[in-house]
Amino acid sequence: MTYLHPEKIQPCRSSDDTVSVQGGDRRLDPPRRGSLIRFSVFGILLVAAFSKPLFSLAVYAAGQSLHSHIVLIPFVSAYLIYIRRSSLPTNYTFSPGSAMIPFVAGVIPLAAAWVPGVFGSPLSLNDYLALMALSFVGFLAAGGFFFLGRKWMTAAAFPFAFLIFIVPMPDAMADTLERASALASAEAASLFFNLTGTPTLREGVVFQLPNIAIQVAQECSGIRSSWVLFITSLLAANLFLKSGWRRAVLVCFVIPLGVARNGLRVAVIGNLCVHIGPQMINSIIHRRGGPLFFTLSLIPLFLLLWWLHRSEATGSQRPASGPASGSEEPTARREGPTPRREDGVRRTEERGQR
């Protein structure tokens with residue numbers, strides 16, 4: 001009998017105890033829970049630091065037709081991350097090198113908003129809020145790279161990039177797009193007037209009709225509807241299409257669609273003024289008809305989306321069914337020559353035996 005000292009006796013651990021310890025380590029894995037907690041704390045602190053400009057942005061966007069979509073963008077981005085949660089990486093890593101680019105992209109507009117006279121003239125409220133929102137998005141992306149890693153941010157690239165639409169369109173950009181849209185809409189309206197046989201005398205963006213003159217002003221350029229249509233096409237392309245060229249086709253289709261929609265609106269109002277009376281220029285179709293024509297423009301957009309999605313699904317089924325149907329024919333062809341080779345071998349063996 002061997003005597004063991006009590007201090008050297010160690011209790012035996014069962015396999016269940018080992019699994020429970022491992023399970024506890026797995027549940028408290030610092031690279032997973034710790035990174036999420038740190039990023040959540042960083043996001044809360046960042047929102048608190050930008051609370052004043054973000055609140056001003058929300059109030060400003062709610063009162064501006066061009067920027068009213070801004071209040072919905074964060075919820076859409078959060079929903080996109082939620083539906084992709086099962087495909088996002090779970091091994092979070094620190095990527096300080098990758099975080100430097102969005103960090104610098106956040107510092108530059110913040111400095112431009114704080115330092116007066118950088119742009120040569122005082123900033124408007126719209127441009128100030130645009131710089132602050134751009135800075136907020138840059139810092140948030142930098143925090144994502146730093147705490148969650150490059151792989152996680154790559155998998156969630158579209159939801160994070162979609163946050164760029166909380167940035168209001170700068171005044172110079174809006175003015176340029178409005179001018180271009182007004183000219184393009186005038187061209188489209190002229191085409192519709194010719195198709196309907198309406199007599200017009202055009203000079204730039206002014207149409208002289210039989211009893212009234214209509215001008216396609218910048219306020220009537222339809223830039224807000226076109227901008228929302230562009231955002232909708234990006235979201236639909238990412239959700240329902242996989243190939244890059246189909247996504248590009250859907251997004252690029254918005255440009256002629258927006259021009260045609262606004263030109264049709266001008267032509268409809270002009271024909272109503274000709275056939276009913278000049279008072280139709282103040283009708284609800286002119287004053288409040290934007291949502292109606294925007295809804296009509298969604299029909300061809302969704303029809304194109306449906307066709308692209310269907311063609312993509314059909315194209316993915318053909319390669320799967322092609323090899324199966326093509327492999328049967330070579331098999332049948334190989335079945336014929338096989339007995340002949342066996343007969344030839346048997347005959348050669350019989351001759352050798354003789």
Side-chain angles (χ1 to χ4, degrees), residues 34-82 84-85 88 92 94-150 152-174 224 227-228 230-231 234-235:
S35 297
L36 281 177
I37 293 175
R38 283 188 287 268
F39 177 71
S40 300
V41 173
F42 170 79
I44 294 173
L45 294 177
L46 185 64
V47 171
F50 282 80
S51 59
K52 185 176 180 179
L54 290 179
F55 179 77
S56 301
L57 176 62
V59 174
Y60 174 76
Q64 297 287 328
S65 59
L66 180 60
H67 307 300
S68 58
H69 62 278
I70 288 178
V71 295
L72 300 177
I73 297 299
F75 300 100
V76 176
S77 294
Y79 174 75
L80 292 175
I81 294 178
Y82 174 76
R84 288 168 167 81
R85 65 190 184 280
L88 295 176
Y92 309 117
F94 294 98
S95 301
S98 301
M100 289 304 299
I101 296 178
F103 178 78
V104 173
V107 170
I108 293 176
L110 181 63
W114 279 357
V115 178
V118 173
F119 296 97
S121 60
L123 289 174
S124 64
L125 178 61
N126 181 82
D127 289 346
Y128 170 78
L129 293 176
L131 290 173
M132 296 301 293
L134 184 60
S135 177
F136 173 79
V137 174
F139 287 138
L140 185 64
F145 278 107
F146 187 83
F147 293 107
L148 303 179
R150 182 173 56 85
W152 195 94
M153 288 296 293
T154 301
F158 183 81
F160 260 85
F162 196 75
L163 284 174
I164 197 65
F165 291 111
I166 72 170
V167 179
M169 188 182 299
D171 292 334
M173 178 180 176
R224 174 185 176 273
W227 188 241
V228 174
F230 174 75
I231 297 175
L234 280 176
L235 184 61

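- In this structure, Asp127 contributes its side chain and Asp171 its backbone to a donor-acceptor pair below 3.5 Å.
- The CH2 atom of Trp152 sits 11.5 Å away from atom OG of Ser35, with the distance rounded to the nearest 0.5 Å.
- With sequence neighbours left out, Ala155 forms a side chain to side chain contact (heavy atoms under 4.5 Å, CB included) with Leu88, Pro89.
- By the side-chain hydrogen bond (donor to acceptor under 3.5 Å, both in side chains) test, Ser68 pairs with Arg224, sequence neighbours left out.
- Scanning for ring pair (Phe, Tyr, Trp, His ring centres under 6.0 Å) contacts around Tyr60 gives His67, with sequence neighbours left out.
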If you look only at distance, which donor and acceptor atoms sit under 3.5 Å apart when one is on a side chain in residues 72-80 and the other is two or more places apart or in another chain?
| from | atom 1 | to | atom 2 | distance (Å) |
| --- | --- | --- | --- | --- |
| Ser77 | OG | Ile73 | O | 3.4 |
| Ser77 | OG | Pro159 | O | 3.1 |

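- Scanning for side chain to side chain contact (heavy atoms under 4.5 Å, CB included) contacts around Ala105 gives an empty result, with sequence neighbours left out.
- Ile164 meets the side chain to side chain contact (heavy atoms under 4.5 Å, CB included) test with Leu134, Val167; sequence neighbours excluded.
- When all heavy atoms of Pro168 and Ala133 are compared, the pair lying nearest together is CD-CB, 4.3 Å.
- Closest approach of Ser135 to Gly106, counting heavy atoms only: OG-O, 2.7 Å.
- The two atoms that bring Ala113 and Met132 nearest to each other are CB-SD, 3.7 Å, heavy atoms only.
- Taking both residues in full, the closest heavy atoms of Leu66 and Trp227 are given as O-CD1, 4.5 Å, listed atom of the first, atom of the second, then distance.
- Applying the ring pair (Phe, Tyr, Trp, His ring centres under 6.0 Å) criterion to Phe162, with sequence neighbours excluded, gives Phe158, Phe165.
- A heavy-atom distance below 4.5 Å is found between the side chains of Arg38 and Phe94.
- Not counting sequence neighbours, the partners of Phe136 by the side chain to side chain contact (heavy atoms under 4.5 Å, CB included) test are Leu46, Val47, Phe50, Leu54, Leu140, Ile166.
- Among residues two or more places apart in sequence or in another chain, the ring pair (Phe, Tyr, Trp, His ring centres under 6.0 Å) test is passed with Phe103 by Phe139.
- Other residues, nucleotides and ligands place no more than 12 heavy atoms under 6.0 Å from the CD1 atom of Ile101.
- Here the closest non-hydrogen pair linking Leu129 and Pro53 is CD2-O, 3.8 Å.
- Arg150 is linked by a side-chain hydrogen bond (donor to acceptor under 3.5 Å, both in side chains) to nothing, counting only residues two or more places apart in sequence or in another chain.
- The shortest distance between side-chain heavy atoms of His69 and Ile231 falls below 4.5 Å.
- To the nearest 0.5 Å, the span separating CG on Leu57 from CD1 on Ile70 amounts to 5.0 Å.
- For the residue pair Phe42 and Gly143, the shortest heavy atom distance occurs at CE2-CA, 3.5 Å.
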